[in-house]
Amino acid sequence: MRRRGRDEKFPDNGFEAWGGYMHAKIAKLEEQFSARAGREDIITNIFNGVSIYVNGFTIPSADELKILMTKHGGIYHTYQRSNDYIIASNLPDTKFKNMSLVKVVKPEWITDSISSNRLLDYRDYLLYKNSRTQRQLNFNKVLKNDDSFLSETKSFNCESVSLFPNEIQNTVLAEHNIDGMTMHKNEIESKPIPNDSVPSTSNTILLEKREENNFVGVGVDINQYKQSTVAKTAADPNFISEFYNKSRLHHISQLGASFKQHVNDLRENSNFLFPAREDLKKSILSTFDYNNFSQLKFEKNKVIMHIDMDCFFVSVGLRNRPDLRGKPIAVTHSKGGQARTTRPGVDRNTEFGLYKQKQMKKLGIATGKPEDEIVFETRVDNITDEDDKYGSMSEIASCSYEARAKGIKNGMFMGAALRLCPDLQTIPYDFDGYKEVAYTLYNTIAQYTLDIEAVSCDEMYVDCTELLADMNVNVQSFATMLREEIKHKTGCPCSTGFGGNRLQARLATKKAKPDGQFFLTEDLVEDIIFEIKLSDLPGVGRQTAQKLESLGHVTCGSLQTLTLATLKCQLGIKTGAQLFDQCRGRDPTPLTFHTVRKSVSAEVNYGIRFENENQCIEFLKQLSAEVHSRMQQYKVLGKCITLKLMVRDEEAPIETAKFMGHGFCNVINKSSSLSTATNDIEIITREVISICKKQNINPKEMRGIGIQVTKLELLNSKPSKGSISKFLSNNKVVVKKETEVKSEPISESKILEVAESIKKPTTNESCGSTSPKKSPVAKRRGRPPKSIKTQLSSKNNSMNKFLQSQNVTRDLPYKDPMKKNVSKEVPHNVEQPRPKGLLGLPWDKVRELLRAWLESGQSPLQCDVDMIVDYLQEMVVNKNTEKLFVLMNFLRRMTKEIGRNDWLKVYDHVTEQVQNAMVAVYGKRLFISD
DNA sequence: ATCCTCCCCTAC
DNA sequence: TAAGGTAGGGGAGGAT
């Protein structure tokens, strides 16, 4: 049936010519995939008649258990069936509360049975015995039975490596990160193991620890937990952790950040070989060879993929509730949808009225329209009926497509949603599940490429150009296989969009959803973009959309009639230029594969109710501790501390409409700049309290508090073994400080700008009759906007981190911008200004460094390769060809001597990059012998 | 001009 | 009841 969907959704994009052939082929591929992933040869019949369902994290992983089960005659269910044994290492409170515990069994039951070659009594492996209160503590057990447990997992991993090598490697990394993410809260001081020790064993222990701690907050007895009172307001000492445990937005944010870091880590530790590509390629080539076709189609253009799980929270939740599939479902804290009581003092009308007024004021000023013409749309506007007055104000985190069909949207209040759809059913949050599925998603993609820009836990951009060229696979086949693999592994559907840039890819995903794929080819862009709503453009939110609508524009096609200057006037220089590009389907912003954190913050705008100043100060201390703990986790110091306060507006009712919400507030931001960067908890606390006191606010009126630290510096970095960074730090190389040069991607609008300025250099860009502004070109004359350097390949890396920690910034002498080189094709990896490691070094030092690197006997790290490329390209720019020639030949000789494939690949890569630079600067290649 | 502070907006 | 966080980009306007 999905195939029919595809027919409808896919206009003529070049593939329809293949007609039924493509369908037959894709069906074949799907079949092959499931054979590859699932049906291994059956070795024994140990598990005859046994079916399992795996819940949560286990070691071995669900994937591995699946293979074991099928190999040994058992059945693995992706969704839980009534007769399944539930395999789990741990079940969170909420889960096992509602579950018959009779058949919840530890994964060792499977592995032990296999090693004994017979089905062992599952009762010896029950995760919980008798009642909840007598729950076995896994943590202790693991530590006690250390040896036997560890040897099992070890031997298992040895066996499984040959099945999914990449995956296992990645899973190990994933577990690292999970630990890192939750550990700080529970204040476990043990750190993730280094990569070169035996991974599965150490991780096992950490994982168990983590789960145990998550379960009860700080690893105390469960009875104790049950007895402790619920933290109602921020005056309660347990409030922060309880709030964060339940805050969806907090989890979304933290998961997002951790996956950005995950991609950083994967890239830094990868050898950039992707064996999984071969598997995929083989299974595709074995059916038909259409190399020529795909090559012809794609070799010239960049292919960006956007991938996104479909209503993520719902999909994850439904894995355990197949009975709810196909129904209108929402994930929310609320169960009944009814507010339990009406609190005295609640006045929704006044509160909502204030929100409306504010919006009106904003738009009134912006548009100059009379008030009654303005259409309002605020969040609380969803509730207008008397019926809703007592409805639940619990927010819907995610809803199924069946619910969306009734008009329900994410973020809507439960009461309002029930009005639209009375039979809406709710399912609880499953934050562990989201994490687990997200890791599987990321690690699946990472088997094929690491040219990934993480957007959030369930969404990313992937540059597939190199991947598709290398595999000789066309976009549609790749998408089909990939989506099938993800659904197979996670039990959740996803959608992918492809296009020539990130905007196109994203718009394609919108067309693909749900559970589909779409390739927005170049020839389709112009037609499709015309009808796209401005509010569907990324970066255009409610405010911008309303503003544009007030200017008379709802679709991209309509906005195309506005000039660049007009847009800039109305929306600001950057936003205007961006919209100018976007509404034409253009997007010059490259993907960023490596992210650098710029701020750390923690805020709570829920449950803030203080009776006196002491409670407020106490909370500020706790929140400072939270920020401090995060700074430690991220290993950063900060120079600027900002306190954000939400204070009840004079006119707002004291009792908020939403229980413990912040109501209608005024927001205050005050910052304090320190002379030196710090992560000292005392200093942070002191500054925060001092700022707060200065504001002279009645603690009773406070409704929200946040602390943010910016102007970050890295605390230090541990250079990885065998890397150039290590070598540098061992040799105590000191590099002098330089100034930064910012790099900017070149956009269509920018080219246009330049063109216009040539035509009429004295153009006055200002709109209306306000003061004249300088043209952007004139503005930029003082500092050249872009050097050749930034147009060439360069990446951030561990070396840079090290140097950054030494307060080294970029050394980049300005060279003439290569005007002829300015094109709309921007390299995918241009990044923020960052330190440049080798550039401050004497040339001979670099050769010494190269030699040490080559002779280290290790596999080359991509980050080091990137650094070398940076350095060599800089030599090209500096016209230092003689020494470049020497270094290139040196590199060729050495890599040849080593003779290993990975090093030869490095040489090829470096050569290619250097030659690119040569062509850009000199218009010809460097002559290198051989 | 450029930087800094205090916002606002957007995204998940 | 209910868990309205967090990071990044950008603009206005004042200080330098």
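Each chain gets a letter, A, B and so on, in the order the sequences are listed, and its residues count up from 1.
In terms of the salt bridge (charged side-chain N to carboxylate O under 4.0 Å, His left out) criterion, residue partners of A:E459 (sequence neighbours excluded) are, by chain and number, A:R506. For A:K246, the side-chain contact (heavy atoms from CB on, under 4.5 Å) partners two or more places apart in sequence, or in a different chain, are A:E242, A:H333. Residues satisfying the side-chain contact (heavy atoms from CB on, under 4.5 Å) test with A:D347, not counting sequence neighbours, are A:N349, A:T350, A:P653. A:T656 pairs by the side-chain hydrogen bond (donor to acceptor under 3.5 Å, both in side chains) definition with A:R609, not counting sequence neighbours. For A:S400, the side-chain contact (heavy atoms from CB on, under 4.5 Å) criterion is met by A:V314, A:I329, A:E402, A:A403, not counting sequence neighbours. Residues satisfying the side-chain hydrogen bond (donor to acceptor under 3.5 Å, both in side chains) test with A:R502, not counting sequence neighbours, are A:E453, A:T589.
Residue-level contact check: A:G539 touches the backbone only, with heavy atoms under 4.0 Å from sugar-phosphate atoms and none from bases. Using a 4.0 Å heavy-atom criterion, one finds that A:S456 contacts the sugar-phosphate atoms exclusively. Residue A:G576 is out of contact with every strand shown, counting any heavy-atom pair closer than 4.0 Å. Using a 4.0 Å heavy-atom criterion, one finds that A:I707 contacts no nucleic acid atom at all. No contact: A:R703 has no heavy atom under 4.0 Å from any strand. Counting non-hydrogen atoms under 4.0 angstrom, A:E459 reaches the backbone sugars and phosphates but no base. Nucleic acid contact class of A:G661 (heavy atoms, under 4.0 Å, all strands): base. Heavy atoms of A:A602 sit under 4.0 angstrom from primed sugar atoms or phosphate atoms, though from no base atom.
Side-chain nitrogen and oxygen atoms of A:K598 include at least one within less than 4.0 Å of the OP1 or OP2 phosphate oxygen of C:dG9.
A:F313 and A:Y434 have parallel rings, their planes meeting at less than 30° on a 0 to 90° scale where 60° marks the start of perpendicular.
A:D310 contributes no side-chain N or O that, together with a main-chain N or O of A:S315, makes up a donor-acceptor pair within less than 3.5 Å.
Sorted by first and then second residue, the pairs that involve residues 661-670 of chain A and meet side chain to side chain donor-acceptor pair (under 3.5 Å), not counting sequence neighbours, are A:D649-A:N666.
We find that CD of A:Q543 is positioned 9 Å from C1' of B:dC8, with the value rounded to whole Å. Straight-line distance from the OH atom of A:Y606 to the P atom of C:dT1: 10 Å, rounded to whole Å. Taking atom NE2 on A:H306 and atom P on B:dA11, their separation rounds to 12 Å, with Å as the unit.
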Check: protein-nucleotides 4-6 of chain B nitrogen or oxygen pairs below 3.5 Å:
| residue | atom | partner | partner atom | Å |
| --- | --- | --- | --- | --- |
| B:dT5 | OP1 | A:S673 | OG | 3.1 |
| B:dT5 | OP2 | A:K711 | NZ | 3.2 |
| B:dC6 | OP2 | A:S671 | N | 2.8 |
| B:dC6 | OP2 | A:S671 | OG | 2.4 |

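Each end of the helix from B:dA1-C:dT16 to B:dC12-C:dG5 yields a helix axis from five base pairs, and these two axes differ in direction by 10° (to the nearest 10 degrees).
Stacking between A:H662 and C:dG4 is present: the aromatic ring centre lies within less than 5.5 angstrom of the base six-membered ring centre, and the two planes differ by under 30 degrees.
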